[in-house]
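What follows is a set of notes on a single structure, which appears directly below.
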Amino acid sequence: EQCPAGKQASGSGNTACAPCEAGKFASNKGMTDCVRARRGHYVDAEGATKDKACEPGTYASGEGSRECTVANAGYYVAEKGEDKQTPCDAGEFSADAASEKCSICPAGTFSSEGSPSCTPCDAGETSDEGSSSCAECDSGSAKGAGPGECDVCDAGKYAEKGASECLSAEPGYFVDSDGAAREDECLAGKHASGSG
């Protein structure tokens with residue numbers, strides 16, 4: 001008599017059919033050996049007639065898996081039945097395990113490939129959304145430490161490239177427009193008594 005699906009009878013002289021162990025299955029009756037679960041699939045109980053696809057956010061890298069592996073933070077698995085996790089691209093992140101997609105780093109932050117979080121730019125630096133690195137603030141603008149964009153200096157203040165703050169014009173000097181990279185000295189016969 002043939003073994004039913006989910007069971008096997010290997011060799012000769014068998015008196016009974018044995019259930020397939022977890023990680024294996026027998027889809028047809030009369031099978032002499034159970035088949036290992038395919039990559040990206042699993043069998044979590046004995047006596048299975050088919051393997052099951054791993055859900056998004058999980059994967060099974062080898063054959064014969066009894067369970068799926070959860071994707072690490074910084075990685076994702078977008079589809080069912082995947083056999084590997086994929087690292088988030090530079091400029092993206094996934095903070096949680098079992099992610100199905102990555103999120104874009106906000107402006108003023110950056111990340112490298114496979115990052116679980118975005119890193120704020122240093123003082124005097126910023127970045128566009130989805131960046132893998134930071135760049136210095138342009139002359140005439142500044143930014144303190146942390147995420148965010150460079151702010152243009154108001155009239156009365158100035159900043160050199162990569163500045164962490166706008167500086168007020170010193171007495172005897174002036175800045176007459178927004179976004180200035182330097183202060184100008186007052187001409188003979190004119191003065192600026194206060195700062196800014």
Side-chain angles (χ1 to χ4, degrees), residues 1-123 125-135 143 145-149:
E1 182 176 328
Q2 289 187 332
C3 291
K7 295 190 175 189
Q8 69 175 353
S10 58
S12 59
N14 295 305
T15 58
C17 297
C20 295
E21 63 186 68
K24 295 183 177 183
F25 67 99
S27 57
N28 300 315
K29 66 181 191 175
M31 293 185 70
T32 57
D33 288 306
C34 297
V35 179
R36 292 189 300 179
R38 298 169 287 165
R39 293 168 60 111
H41 294 71
Y42 70 103
V43 175
D44 58 355
E46 64 178 38
T49 58
K50 63 181 181 176
D51 56 4
K52 300 180 228 175
C54 294
E55 292 296 320
T58 67
Y59 66 99
S61 58
E63 295 179 349
S65 294
R66 295 172 183 225
E67 62 185 6
C68 299
T69 303
V70 173
N72 296 328
Y75 291 76
Y76 71 99
V77 178
E79 305 288 331
K80 281 180 88 165
E82 293 290 326
D83 63 359
K84 66 180 187 288
Q85 60 182 349
T86 304
C88 294
D89 290 335
E92 297 181 349
F93 73 102
S94 67
D96 301 319
S99 291
E100 297 176 27
K101 64 179 183 171
C102 300
S103 300
I104 295 173
C105 289
T109 67
F110 70 98
S111 73
S112 56
E113 181 180 81
S115 292
S117 63
C118 301
T119 304
C121 294
D122 291 335
E125 295 183 341
T126 193
S127 66
D128 292 330
E129 181 179 81
S131 291
S132 60
S133 63
C134 298
K143 183 187 85 61
E149 298 179 8

With sequence neighbours left out, what residues match E79 under side chain to side chain donor-acceptor pair (under 3.5 Å)?
none

Suppose we screen for side chain to side chain donor-acceptor pair (under 3.5 Å). Which residues come up paired with S132, at least two apart in sequence or across chains?
none

What is the minimum heavy-atom distance between [X] and [Y], and which atoms define it?
X    : Y    : answer
C118 : T109 : CB-OG1, 3.6 Å
A37  : H41  : CB-O, 4.0 Å
C121 : E125 : CB-O, 3.5 Å

Rounded distance (nearest 0.5 Å) linking atom CD of Q8 with atom SG of C20:
5.5 Å

Can you give me every donor-acceptor pair (side chain of residues 45-52, partner residue at least two apart or in another chain, under 3.5 Å) with its distance?
unit_1	atom_1	unit_2	atom_2	d
D51	OD1	R38	NH2	2.9
D51	OD2	R38	N	3.0
D51	OD2	R38	NE	3.1
K52	NZ	D44	OD1	3.2

Can you list every salt bridge (charged side-chain N to carboxylate O under 4.0 Å, His left out) pair that touches residues 17-31, not counting sequence neighbours?
E21-R66

Output every pair passing salt bridge (charged side-chain N to carboxylate O under 4.0 Å, His left out) with a member in residues 110-120, not counting sequence neighbours, ordered by first then second residue.
none

Quick one: side-chain contact (heavy atoms from CB on, under 4.5 Å) partners of [X], sequence neighbours excluded?
X    : value
S131 : S127, D128
E149 : A107, T126
C68  : Y42, C54, T58
P116 : A73

Without placing hydrogens or testing angles, list every side-chain donor-acceptor pair under 3.5 Å for residues 83-96, not counting sequence neighbours.
unit_1	atom_1	unit_2	atom_2	d
D83	OD2	R39	NE	3.0
D83	OD2	R39	NH2	3.1
Q85	OE1	N72	N	2.8
S94	OG	G74	N	2.8
S94	OG	Y75	N	3.2
S94	OG	Y75	O	3.0

Heavy-atom check, side chain of V77 versus side chain of P56, under 4.5 Å
no

Partner residues of E55 under the salt bridge (Lys or Arg N to Asp or Glu O under 4.0 Å) criterion, sequence neighbours left out
K80

